[in-house]
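Sequential numbering from 1 along the given sequence is applied to the chain's residues.
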Amino acid sequence: TTSTTSTTSVATQNCDAALETCRTHCCSWSHGKNGCQAYAKGWLEGNNTCHKCLPTSRDYAPASLMECHALCEELVSALDNQGDCKKGCDYMASSKALCGQDLSGAQSAGHLAIILCLVSTFFLSL
């Protein structure tokens with residue numbers, strides 16, 4: 001349980017740091033910041049209070065560039081505003097931030113990779 005909690009915490013901290021950088025250094029306009037937020041945390045269905053934002057018809061999952069871009073296309077109608085929003089999505093996706101991910105299996109996967117490497121090295125030395 002502790003391992004799961006710590007890896008999830010690391011992922012959350014990584015995502016939050018990337019989100020803050022996206023908001024402050026990438027995207028100064030609100031629609032760009034919406035893209036940062038949507039990629040990092042997802043977006044809920046419903047009415048939106050952001051500038052020139054339309055209601056969204058469904059929830060959008062975090063950590064998916066396709067989902068984030070789809071949100072931008074529904075959230076704002078003006079193409080330039082959609083472009084600003086997508087810029088935030090693109091920044092977050094390119095940052096390789098660990099958003100929306102459960103890393104509880106990451107440690108096990110790392111151990112498996114080490115074991116496979118050792119086994120293959122052993123057989124190569126025969």
Side-chain angles (χ1 to χ4, degrees):
T1 306
T2 304
S3 176
T4 301
T5 303
S6 64
T7 55
T8 301
S9 177
V10 168
T12 300
Q13 290 172 2
N14 173 278
C15 182
D16 289 346
L19 176 57
E20 185 59 32
T21 301
C22 185
R23 288 177 177 159
T24 56
H25 298 295
C26 164
C27 304
S28 57
W29 300 101
S30 63
H31 295 295
K33 291 177 184 182
N34 289 340
C36 301
Q37 178 71 25
Y39 187 91
K41 306 292 182 184
W43 199 274
L44 296 177
E45 170 190 358
N47 293 324
N48 297 291
T49 58
C50 47
H51 181 67
K52 294 186 179 181
C53 289
L54 303 170
T56 45
S57 62
R58 66 178 182 91
D59 291 347
Y60 290 87
S64 165
L65 188 58
M66 191 165 62
E67 280 282 286
C68 195
H69 280 193
L71 165 81
C72 294
E73 291 169 7
E74 183 178 16
L75 186 63
V76 290
S77 59
L79 291 178
D80 58 337
N81 291 338
Q82 285 181 13
D84 288 342
C85 182
K86 288 178 180 181
K87 182 179 176 185
C89 299
D90 295 344
Y91 179 89
M92 288 298 292
S94 69
S95 75
K96 305 293 185 211
L98 303 173
C99 299
Q101 299 180 21
D102 177 9
L103 298 182
S104 59
Q107 187 174 17
S108 298
H111 290 156
L112 179 60
I114 291 169
I115 290 167
L116 290 174
C117 182
L118 291 172
V119 168
S120 64
T121 301
F122 171 77
F123 281 111
L124 288 174
S125 66
L126 292 178

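With contacts defined as side-chain heavy-atom distances shorter than 4.5 Å, the pair Leu75/Thr56 qualifies. Between Met92 and Cys99, some side-chain heavy-atom pair lies under the 4.5 Å cut-off. No side-chain heavy atom of Leu54 sits less than 4.5 Å from a side-chain heavy atom of Asn48.
Listed for the Gln82 side chain is a donor-acceptor partner under 3.5 Å among the backbone atoms of Val76. Side chain of Asp59 to main chain of Glu45: a donor-acceptor pair is present (N/O by atom type, distance under 3.5 Å, no hydrogens or angles).
Here the straight-line distance linking atom NZ of Lys33 with atom CG of Leu19 works out to 10.5 Å at 0.5 Å rounding. Atoms CG and CE, on Leu71 and Met66 in that order, are 13.5 Å from each other to the nearest 0.5 Å. Distance check: Asn14 CG to Ser95 OG gives 7.0 Å after rounding to the nearest 0.5 Å. Considering CD of Glu73 and CG of Asn81, their distance stands at 13.5 Å, rounded to 0.5 Å. Distance NE2/His31 to NZ/Lys86: 13.5 Å, rounded to 0.5 Å.
Cys72 has its SG atom 2.5 Å or further from the SG atom of Cys89.
Considering only residues two or more places apart in sequence or on other chains, Ser57 meets the side-chain hydrogen bond (donor to acceptor under 3.5 Å, both in side chains) condition with Glu74. Applying the side-chain hydrogen bond (donor to acceptor under 3.5 Å, both in side chains) test to Lys87 and every residue at least two apart in sequence or in another chain returns nothing. Applying the side-chain hydrogen bond (donor to acceptor under 3.5 Å, both in side chains) test to Lys41 and every residue at least two apart in sequence or in another chain returns Asp16. Not a single side-chain hydrogen bond (donor to acceptor under 3.5 Å, both in side chains) links Glu20 to another residue, sequence neighbours left out. With sequence neighbours excluded, the residues that form a disulfide (SG to SG under 2.5 Å) with Cys36 are Cys22. Scanning for disulfide (SG to SG under 2.5 Å) contacts around Cys53 gives Cys50, with sequence neighbours left out.
Of all heavy-atom pairs spanning Gly35 and Cys68, the tightest one is O-SG, 3.4 Å. Closest non-hydrogen pair, Trp43 versus Ala38, comes out as CE3-CB, 3.9 Å.
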